[in-house]
Amino acid sequence: MRYSQLVNPHNTPQVSRARTVFEYLVIIIGIAPMALMVNWVLLPHAFVGGGLTGICSAIYYVTGGLFPSLFPEYGGAVPVWLTTFVFNAILLLIAGLTVGWRFTIRTMVGVVAITFWYRVIPILPEPIIEDPWLGAIIGGFVFGLSLGCVLAANGSSGGTDIVAMIVNHYHNISLGNIMLACDILIIASAFFLPLPESMLQDGTDFQIFKSSNLQILKIKRVLYGVAMTISYTVAVDWLMARINRSVHFLIYSSKYEEIATAINTTVNRGVTVLDGTGWYSKKPVKVISVLVRKPESSLVFSIVHSIDPEALVSIADVSGVFGSGFDKIKPK
């Protein structure tokens with residue numbers, strides 16, 4: 001099956017079902033690296049990241065040792081997978097009433113998937129990236145790539161992703177910028193949380209000798225969270241921009257009818273044939289104008305080459321395409 005058949009909204013019902021299955025697989029598998037970064041970097045470093053993950057991790061730190069009989073494998077702390085599931089169960093109703101029930105179903109899939117991965121992936125006693133700054137940057141970037149894959153499949157991991165999707169649904173505002181605004185507020189609240197014992201142990205970089213050092217550690221903790229959030233915000237926007245990139249073809253060929261028909265039926269994209277005049281030859285010419293997603297451009301080239309290898313083809317990247325078959329037109 002061609003990529004264009006999976007991503008194009010004008011496909012047949014059979015292909016649309018295949019596209020839906022493909023997107024669900026992307027959500028389920030693509031969300032796993034998020035859980036890896038949380039359980040292998042964020043929690044071992046005692047970071048407070050953004051979004052619902054930041055809130056749930058803060059609860060994990062604060063409740064450490066309070067429930068030894070209920071959660072012995074987590075040191076008596078309320079696990080992130082449990083709070084993630086509970087909070088998202090409440091937010092799912094909001095998603096259904098605003099963005100739509102299709103998004104809600106995909107959010108359910110994302111919530112179940114992230115809860116599953118949080119549960120089965122063990123929390124490491126020591127982070128896989130020892131340096132906290134490097135851990136924040138690399139962990140945040142991988143987290144963002146994972147989240148970007150989920151959002152590109154019209155899914156969500158829940159939490160503030162829902163807020164971002166709601167705002168983006170009605171206003172043409174970057175998903176990354178929306179999440180950044182929410183995340184900064186959550187991360188800033190980490191300053192007022194008690195530091196976990198992992199930051200106070202001797203032999204680490206977080207030894208405390210007086211109260212002023214305690215404030216410095218709290219500021220550092222907030223900055224680590226900010227660095228991680230900025231890193232994953234950049235990753236989300238970068239990935240979404242690449243996935244949504246479109247190109248504009250101008251094709252000059254005497255076999256324009258065959259090429260236009262082939263593009264229309266094979267790539268499932270609308271084609272416009274323009275009238276022109278060759279200034280040197282003074283003869284009328286036909287110019288094919290077509291907009292496609294970047295991954296579909298190789299298929300267009302293949303069609304043109306198979307029909308008319310001597311055709312003149314011009315291709316240009318466009319910053320955005322809105323309307324039928326592309327992004328929805330939204331007010332600024």
Let me see the working for Ser57 and Leu42 under side-chain contact (heavy atoms from CB on, under 4.5 Å), right down to the final yes or no.
CA-CA 8 Å; Ser57 60; Leu42 188 147; 3.7 Å; yes
Are Val313 and Val267 in one and the same hydrophobic cluster, where Ile, Leu, Val, Met, Phe, Trp and Tyr link if side-chain heavy atoms are under 4.5 Å apart?
yes
Give a yes or no on whether the backbone of Thr84 and the side-chain of Asn88 come within a donor-acceptor separation of less than 3.5 Å.
yes
So that I can tick it off, tell me whether Glu73 and Arg119 are bridged by a salt bridge, with the cut-off set at under 4.0 angstrom between side-chain N and carboxylate O.
yes
Go through Val38 and Tyr60 one step at a time and tell me if the side-chain contact (heavy atoms from CB on, under 4.5 Å) criterion holds.
CA-CA 12 Å; Val38 170; Tyr60 175 80; over 6 Å; no
Does the Thr83 side chain pair with the main chain of Val80, one donor and one acceptor, at a distance under 3.5 Å?
yes
Within the side chain of Ser302, is there an N or O that forms a donor-acceptor pair under 3.5 Å with the backbone of Ser298?
no
Are the side chain of Ser231 and the backbone N or O of Ala227 linked by a donor-acceptor pair below 3.5 Å?
no
Ile114, Ile28, Leu25 screened by side-chain contact (heavy atoms from CB on, under 4.5 Å) with Val109, the one that passes
Ile28
Criterion side-chain contact (heavy atoms from CB on, under 4.5 Å) on Phe47 and Met228, from CA distance to verdict:
CA-CA 9 Å; Phe47 293 159; Met228 185 173 186; 4.2 Å; yes
Please check if atom NZ in Lys282 has more than 12 non-hydrogen atoms from other residues, nucleotides or ligands closer than 6.0 Å.
yes
Under 3.5 Å donor-acceptor, Trp40 side chain and Pro122 backbone
yes
Nearest non-hydrogen partners of Ser297 and Ile315, listed with the distance:
CB-CD1, 4.3 Å
Same cluster or not: Leu312 versus Ile251, using hydrophobic residues (I, L, V, M, F, W, Y) connected whenever any side-chain heavy atoms lie under 4.5 Å apart?
no
Please determine whether side-chain contact (heavy atoms from CB on, under 4.5 Å) holds for the pair Leu124 and Asn39, giving the CA-CA distance in whole Å, both sets of side-chain angles, and the decisive distance to 0.1 Å.
CA-CA 7 Å; Leu124 299 183; Asn39 288 357; over 6 Å; no
Would you say Ile31 and Ile29 are hydrophobically clustered, going by side-chain heavy atoms of ILVMFWY under 4.5 Å?
no
Answer yes if Leu82 and Ile123 sit in the same cluster of Ile, Leu, Val, Met, Phe, Trp and Tyr residues linked by side chain heavy atoms under 4.5 Å apart, and no otherwise.
yes
Heavy atoms from other residues, nucleotides or ligands near OH of Tyr74 exceed 12 (cutoff 6.0 Å)
yes
Students often mix this up, so state it plainly: with edges at 30° and 60°, are the rings of Phe249 and Phe301 parallel, tilted or perpendicular?
perpendicular
Ser246 and Leu291, any side-chain heavy atoms less than 4.5 Å apart
no
Please set out all donor-acceptor pairs under 3.5 angstrom arising from side-chain atoms of residues 129-151, sequence neighbours excluded.
residue	atom	partner	partner atom	Å
Asp131	OD2	Trp133	N	3.1
Asp131	OD2	Leu134	N	2.8
Ser146	OG	Gly30	O	2.3
Ser146	OG	Met34	N	3.4

Are the side chain of Asp275 and the backbone of Pro284 linked by a donor-acceptor contact shorter than 3.5 Å?
no
Contacts of Phe67 meeting ring pair (Phe, Tyr, Trp, His ring centres under 6.0 Å) (sequence neighbours excluded), chain-then-number -> none
Test Val247 against every option in Val290, Asp317, Val300 by the side-chain contact (heavy atoms from CB on, under 4.5 Å) rule and name the one that passes.
Asp317
Honestly curious: do Tyr118 and Phe71 fall in one hydrophobic cluster under the side-chain, below-4.5 Å linking rule?
yes
Between Gly270 and Asn264, the two heavy atoms sitting closest are CA-ND2, 4.1 Å
State, to 0.1 Å, how close Val304 and Ala311 come at their nearest heavy-atom pair, and which atoms those are.
CG1-CB, 3.7 Å
Do any N or O atoms from the side chain of Asp308 and from the backbone of Lys255 form a donor-acceptor pair under 3.5 angstrom?
no
Donor-acceptor under 3.5 Å (Thr261 side chain, Glu258 main chain):
no
